[in-house]
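For ligands, and for the atoms within them, numbers begin at 1 and follow the listed sequence. Just the heavy atoms: all of them, side chains too, but no hydrogens, waters or symmetry mates, feed the values below.
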Amino acid sequence: MTPAADILAEAREGTDALLFAWAGRLRREVPGRPGEALAYALETPGKRVRAALVLAAFRSLGGASPGVEGVAAAVETVHAYSLVHDDLPCMDDDDLRRGRATVHRRFDVPTATRAGYLLVPVAARVLVEAVEALGLGSAALGRMAGELFQAGGIEGMVGGQWLDLEAEGRTLTLSDLMRVHRGKTGALIRASCTLGALAAGAPDERVAVFTAFGEDIGLAFQIADDVLDCTATSEALGKTAGRDAALAKSTYVRLLGVEGARNEAAALAVRAVARLEAAGVPSNALGALANYIVSRSS
Ligand code: GRG
């Protein structure tokens, strides 16, 4: 296995165990359909790229505690909520996610809407337990929660998605599109790298290097997603291919062509890895993940 496959498999194993345990807890806490919908959203088989980034950043700074898997699970919980809401009819209106029916298709729109909202405080609870397991104090918890939920909010994921929805049917400039992509997708990926470094107790100037790495690969991830949307099949993606064109979205492919978009993503991955090297914190696992993010087939 390549190092990327290794760290992704490890992240999947550890994170899935926690997410499935949370799904069981939520089924008991929230009776009936809403509890079933919460569990359905958490038990879907994601690639766990964000979880792998948390783990790899943590390890590259000498972190060793298994408690970090909880931090990865908290990020994946925010991501899971975003997918539930992204697929709703009022957003990207999709039927297929992770190879299965989307939550509103499997249940209904009100249930999916509520389940999505409910996952946000669940993510906070997952993070609190993770920080306790890592033996970090309340200052670290405050900082990590701030990073995660700021990245998930109007300055990050929600803000980017908002701009993305408003831009449907319009052609954005490259710099406006970059802002959308950095927000809707890049912010949570950047936060994954930052949180891994914070979990390892790294000093601020070191954390900033991982944040900058995450900023570049976060944008690269969404550019690669734009490319896959028009070059891969729905079967390979586990979600409906060709959705960007159907919704008349601005994408890197629309502005730069497939090759231009691929080149841009590859250049960002190279720059991200160079940042780690220049700061004296090279990481095989993060390098492999950067490469995976821009060359993946799903
Ligand atoms: C209220 C405006 C508003 C927004 C709510 C829905 C939402 C917040 C944000 C959408 C964020 C989003 C879903 C962006 C796309 C990110 C993306 C490329 C997802 C696919 O990630 P992968 O490929 O998926 O890692 P898996 O399934 O492997 O986890």
Listing by chain and number, which residues have a heavy atom under 4.0 Å from ligand 1?
-> G46, K47, R50, H79, Y81, S82, L83, H85, D86, M91, R98, M157, V158, Q161, W162, K184, T185, F221, Q222, D225
Does Y40 have R27 sitting over its ring (NZ/CZ under 6.0 Å from centre, angle to axis within 45°)?
-> no
Which of these passes side chain to side chain donor-acceptor pair (under 3.5 Å) with K249: D244, T171, D164?
-> D164
What do you reckon, is CZ of F20 surrounded by more than 12 foreign heavy atoms closer than 6.0 Å?
-> yes
Using the test salt bridge (Lys or Arg N to Asp or Glu O under 4.0 Å), find all partners of D16 that sit at least two apart in sequence or belong to another chain.
-> R48
Donor-acceptor pair between R50 and S192 side chains, under 3.5 angstrom = no
Given the rule in the salt bridge (Lys or Arg N to Asp or Glu O under 4.0 Å) test, do E10 and R59 qualify, once you have shown the distances and angles that lead to the verdict?
-> CA-CA 13 Å; E10 198 188 335; R59 300 253 177 82; 2.6 Å; yes
